[in-house]
Amino acid sequence: MTPPDQLENEGDSVVLSAAIRGIRRLRGFSSAETANGMNLALRTYQDFEAGRGRLNTDYIHRFCRFVDADPDAITASLAIGSPDFAIRCTANKLMTIVMIGVQQLNNEMGDKLASLEARTIVAVVNAAVRDLVDQTTGGYEADWLKLGEASLRRARPKPGR
């Protein structure tokens with residue numbers, strides 16, 4: 001994994017290149033297989049993977065369709081400067097799920113979306129992040145279960161009573 005501070009002063013092309021290469025390798029494809037799967041000339045794919053040229057969202061989507069990855073996570077990895085984020089989201093499609101939620105929010109709220117206060121949005125997003133972290137690390141539910149089991153043990157009669 002690339003330390004975030006190492007990429008701090010690097011451009012999008014470095015982040016894109018590391019994300020694409022990392023995902024391709026994770027999925028076990030060669031450059032030639034990936035180029036073929038994207039219907040690109042090998043040299044064109046190599047330029048894309050190397051981050052040469054302009055950002056091409058069509059190529060990102062074609063790449064993700066072929067390797068079964070999350071195109072929204074690749075785009076987000078550019079925004080946060082972390083190719084590892086895109087690699088980590090390959091299997092669970094985190095950012096695509098988030099974008100589906102954003103799309104639903106937009107469809108349901110329409111113009112009322114503009115009236116949401118930033119403070120409310122921050123609180124909701126922070127709570128969602130905390131819930132995901134807690135569930136992944138065995139947070140609230142694991143603590144609840146441990147405390148409940150301890151309470152049951154204390155309430156049960158001791159052997160020999």
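Every heavy atom of this structure was used, including side-chain atoms; hydrogens, water molecules and symmetry mates were not.
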**Stepwise side chain to side chain contact (heavy atoms under 4.5 Å, CB included) check, S31 with L42** = CA-CA 7 Å; S31 294; L42 178 58; 4.0 Å; yes

**Steps toward side chain to side chain contact (heavy atoms under 4.5 Å, CB included) verdict (L16, I60)** = CA-CA 9 Å; L16 177 65; I60 291 172; 4.2 Å; yes

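Applying the side-chain hydrogen bond (donor to acceptor under 3.5 Å, both in side chains) test to residues at least two apart or on different chains, the pairs with a partner in residues 89-104 are D68-K93, D70-T96, D72-T96.
With values rounded to the nearest 0.5 angstrom, K112 atom NZ is found 11.0 Å from L105 atom CG. Within the model, atoms CD1 of I74 and SG of C89 stand 10.0 Å from one another, a figure rounded to the nearest 0.5 Å. The CD1 atom of I100 lies 11.0 Å from the CE atom of M95; values are rounded to the nearest 0.5 Å. Note that CZ of F48 and CZ of R62 are 9.5 Å apart. Values are rounded to the nearest 0.5 Å. One distance of note links CZ of R88 with CG of L26; it measures 12.0 Å at 0.5 Å rounding.
A continuous path of ILVMFWY side-chain contacts below 4.5 Å connects I23 to L55, so both sit in one hydrophobic cluster. Hydrophobic clustering, with ILVMFWY side chains joined whenever heavy atoms are under 4.5 angstrom apart, groups V133 together with V125. One hydrophobic cluster holds both V102 and F85 under the rule that ILVMFWY side chains link at heavy-atom gaps under 4.5 Å. Criterion: ILVMFWY side-chain heavy atoms under 4.5 Å apart, direct or through other members. Under it, V98 and V129 are not part of a common hydrophobic cluster. Linking Ile, Leu, Val, Met, Phe, Trp and Tyr residues whenever their side-chain heavy atoms come within less than 4.5 Å leaves I87 and L132 in two separate clusters.
Scanning both residues, A19 and A86, for their nearest heavy atoms gives CB-CB, 3.9 Å. Here the closest heavy-atom approach between residue P83 and residue G81 is recorded as CD-O, 3.9 Å.
When side chains are defined from C-beta on, E49 does not count as touching F63, because their heavy atoms never get closer than 4.5 Å. R52 has its side chain out of reach of S13: every pair of non-hydrogen atoms, C-beta onward, lies at least 4.5 Å apart.
In the displayed structure, N106 atom CG is contacted under 6.0 Å by more than 12 heavy atoms of other residues, nucleotides or ligands.
Aromatic rings of Y59 and Y45 (six-membered ring for Trp) have centroids beyond the 6.0 Å cut-off, not under it.
Not one N or O on the side chain of T120 forms a donor-acceptor pair closer than 3.5 Å with the backbone of L116.
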